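Right, one structure below, let's go through it.
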Amino acid sequence: MGSLHPAFWHLVSPELVLVGFGVLFLLMSAVKSDDSFKEALGWLTALGFAITLVLTLQISAAVGGGRVAALASREGYASLVMDPFSQLFKVVFLVGALLSVLMSFKSLRVNRALTGEYFTFLVLAVFGMMVMASGTDLLTLWVGLETMALSVYVLAAYLRRSAASVEGAFKYFLLGAVSSGFYLYGASFVYGATGSVHLEAIREALQARIAHGGLEAVGFPFAAGLVILVVALLFKAALVPFHWWTPDAYEGAATPVTGFMSVAPKAAAFAMMLRVLLEGLGPVAGLWTGLLSAVAIATMVWGNVAAMLQDNVKRMLAYSSIAHAGYALVAVVAAGTAPRSGGVGAALFYMGAYAFMNLGAFGLVLYLEREGCAGDRLDHFNGLVHRRPVLAVCMILFLLSLGGIPPTAGFMGKFLVFKAAVDAGLYVLAVVLAVTSVISLYYYYRIVLRMFLREAEAEEPVSAGWPLGAALAASVAGTLVLGLYAAPALEWTARVVLGGAH
Amino acid sequence: MDFLLNPLNQVTYLPLAAALVLAFVPKSFGPKIKYVATGVFFADFLLSLPLWFSWDGASSAAKGMWAWEFNVPWITSLGVRYHFGVDGVSALLVLLTTTLGVLAALCSWSYIQNREKEYYVWLLILQTGMVGVFCSLDFFLFYVFWEVMLVPMYFLIGIWGGANKLYAAIKFFLYTLAGSVLMLIGILVLYFRTEAVNEGVKSFDLDVIYKVALDPQLQWWVFAAFFVGFAIKVPMFPFHTWLPDAHVEAPTAGSVILAGVLLKMGTYGFYRFSLPLLPDATVAWLPFLLVLSIIGVVYGAMVSLVQKDMKKLVAYSSVSHLGFCMAGMFALTRAGVEGSILQMLNHGISTGGLFLLVGIVYERMHTREIKLYGGLAKLMPVYALFFMVITLSSIGLPGLNGFIGEITILLGAYHMSPALIFSKSLIFFLVSGMLLGAAYMLWLYQRVFWGEVTNPHLEEHCKGKDMNGREWAYMAPLVVLALWIGLYPKPIFDRMEKSVDFVLSRVKPAVERVERAKGYPPERLPQPVRGEGEAAVGHPVAVTETEVKKETFSPEKGAPAASAAPARAGHGE
């Protein structure tokens, strides 16, 4: 067995809190109870996320810019680390989860689907993500990944009376299971070739081999394992051509779940991808940057083009989330090509900005939801400015941010990615990023057009309740602050280093 | 506190602050909102007046390049500064913006009948964006304003536009956005080169970026990126297709601002960034740019000739006029660049005026089809007179503003270095563009105003409804400006002098390199009275220069102007 850090229990206290809450909810949901009790569970969930967030920030402050191995192997290779990278990603997950919980109440009530299990799986999913952000060996990461994935499968199928929800979740589950298999298969090749599952050890082994015989010396089994491993990660992050499950799963799932899925698990997938690729496979970046560049181009182009063709807002946002993953992937490629380009920080910032703006947009869809109608058709947005001008303005802000127009978080995020790409000399990727961003505004503006230029529907949506309002307000604040006053956030992301960028 | 005391900040953010307040005004406030909004525009105009009256070339030169500078860190880790400031040229453009802002608000009073509150809120936000673009001296900040501005314009066209407004609005938005995102690549390439000249810290500050020297190969690519962004905005042929749609569909105020200010951002971009930052690339791209400009001049004019819709005709004439501006700028002579900048202002006055005038009859007749008019001079004589003056200003009649701009540009083009272009006979096409310009404008005038009234509706809607007081109020200032610039342009030339000197001093070495490479000995060229080096910023301006200028453009000497100007234009060489 490996060695625990003396302060191990303190370091993993946020994760423990989450597991504690999860188990508690599981027990409590077995109790026969009425809706108000279950709603109280929802508030407890929010409290749990808030506590976890505070603890995470505390540990983050204690760790500073350094790197603490909470769990390490006997040889001293870390399995679970607390560093700025992991802590900041955890903050993104927790903020996303917190906003999602606040947005859930109304939707669950409208759909008469308020249960304790919902909150249990939400908490467990976030626990899995936190492990994914901190894990530094292929198996710890795998445990986190599966904990997250299994919880999210359940959440996706949550509206079990809706055929679309079940169908989407089933696709998600099958493809997810296959990709998990791929991951293990690829990891076994890498293990076979390098003799370790620890990313640091893999890195050292690769460096040693490259020092002797160049990039060719890594050998075919390793290269094959690498490709299979990367494919599995691409599945999880829903990147073209491994994105087929996304639109169905997103459209079918309950809207708060869709919002959550598009933000937190995606960020977690990126955290894991960055960790594995840069920390473990950084020395052979030449082997995967080309592949990922092609994937990034395909993702940006296909995600945006397909989104243009959608009439359902949830589906449109699903394709848009694919496209956004493509933008973030550009940052990953930049980080692989030129470690000093700030690609990791850009990807991280992007995920944080995306959490606010995308959840905000989903919040609007939720606002329009009413009984028997998901509020996700474009028509539902008609004339919103006359009915609820403040909400319409908020939606413009989210959509402009998604499209990357200043002065919003989305612009800063895209700018950082762009900057990293140009710094790394990836001009083709930068141009594709620029052009596809322009395309994306076409379909975001379809919603703006409905809100401002079409006549209002007579029907009035049910009132939102203040939790949803609070979540929207927080999203607006996040979108604006990260856009106008990004300096503090940028200083945090600037501390993030992975692999050889020290 | 310092932030609010700076006049540039005041001019920039007053409209935004007013817009935020107005957004929360209750609906019951109703149509009164237009008076408040117009008052804000007027206050903004007043705030911008110090840019004209306190302009002191000498003292601002002593302080450095920029007047009313405001420079604080914004995003330190990225090297982004909040750097505001103006030189002579941008001060003039800010003044143009605030002036047209008042007129645009005034002309909307009766045109905009629905959703008035929203309308004025967007118009005010637009004003902030436009002034911000001209005041920004940090590339990042510039880019932010440049893009922010697109959003209110989208809504102005999309909500209050004509029949095909949705298409026009999104086309305008996507076209200009596409250009600007590519421009961002160019900005970043420059940004990454600033480390070497700024003690190892990357910066977007223009003062720092001006120190960057790129090798010609890289310059070529950066120029390409800038070119896409600016050329779409100008718009240069063949990137102009968004313009007729946007102009025709936009409400009158939108067209005025589009033509008067937004198009100037493209030419301003070339002037502020492309020329001084990328001199070698400018010279390399020059033949291509000149040819495109000249195609724009001739093509825009010819397409204007065949238009059936008045507004579309004026819109295409913008393509032609802006082609003129670009040709002057890329002559890379003092007269050419100064003329180009003056023509930017002139175009704001004349074309802005034409859009306002078309709006006046449109409000009465609800059509812009030329053939439905005719004999209007009999029904609306004062209107006919205003239209005549603005028409003549647009086609460049001596004594009015257009003439000064066009003749200066032609002189500048005539004196451009022969090494830069394969054939100087291209200037011939510029002249033909002027002739065509006279043709389409006068023909328009003839068809609309002269002859008998044939359309009974015209009689019904326009008889006895000549220009009202409000229409007077927004047309008269433009006529005054047209006459003033036409008769006494010296104060305007004075203001731009130092800034133009700076730009030319940056381009000059590249021009000389090409001249040497092509075997044009410097002696062969007209000798300047004083060395160009002296003209660099920070040096007092030679008195002789000012004297010569006075002589050239003094109103009393309309005819000698043409003969004296070549000698003067030679100074820029």
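Naming: A, B, ... by sequence-line order, numbering from 1 per chain. Everything numeric here is computed off the predicted structure, so don't read it as measured data.
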field: Partner chain A: residue of B/Ile185, B/Val189, B/Ile187 with the largest heavy-atom pair count (under 4.5 Å)
entry: B/Ile185
statement: Answer key: most heavy-atom pairs under 4.5 Å with chain A among B/Thr76, B/Ile170, B/Leu78 is B/Leu78
task: Could you tell me whether a side-chain N or O of B/Trp74 sits under 3.5 Å from a main-chain N or O of A/Ala487, the two making a donor and an acceptor?
output: no
For chain B, the option from A/Leu441, A/Val438, A/Leu484, A/Leu416 that forms the most heavy-atom pairs under 4.5 Å: A/Val438
- request: Find the one option among A/Val393, A/Ile396, A/Val390, A/Val435 whose heavy-atom pairs under 4.5 Å with chain B are most numerous.
  value: A/Ile396
Gap between atom [atom2] of [Y] and atom [atom1] of [X] - 0.5 Å precision:
X        : Y        : atom1 : atom2 : result
A/Phe418 : B/Leu188 : CZ    : CG    : 6.5 Å
A/Leu449 : B/Leu166 : CG    : CG    : 5.0 Å
A/Phe411 : B/Tyr143 : CZ    : OH    : 6.0 Å

is_close_aromatic(B/Phe204, A/Phe415), centroid dist under 6.0 Å: yes
Centroid separation B/Tyr154 to A/Tyr445 less than 6.0 Å: yes
Relative to chain B, which segment of [X] carries a heavy atom at a distance below 4.5 Å: side chain, backbone, both, or neither?
X        : result
A/Ala494 : neither
A/Leu433 : neither
A/Val385 : side chain
A/Leu400 : side chain

Crowding at [atom1], [X] (>12 non-hydrogen neighbours, <6.0 Å):
X        : atom1 : result
A/Tyr485 : OH    : no
B/Tyr13  : OH    : yes
B/Trp122 : CH2   : yes
A/Tyr442 : OH    : no

- request: Step by step, work out the side-chain contact (heavy atoms from CB on, under 4.5 Å) result for A/Lys414 and B/Val181.
  value: CA-CA 11 Å; A/Lys414 226 170 244 178; B/Val181 288; over 6 Å; no
message: Evaluate B/Leu177 against A/Ile405 for side-chain contact (heavy atoms from CB on, under 4.5 Å), listing each step before the verdict.
response: CA-CA 9 Å; B/Leu177 185 72; A/Ile405 303 288; 3.6 Å; yes
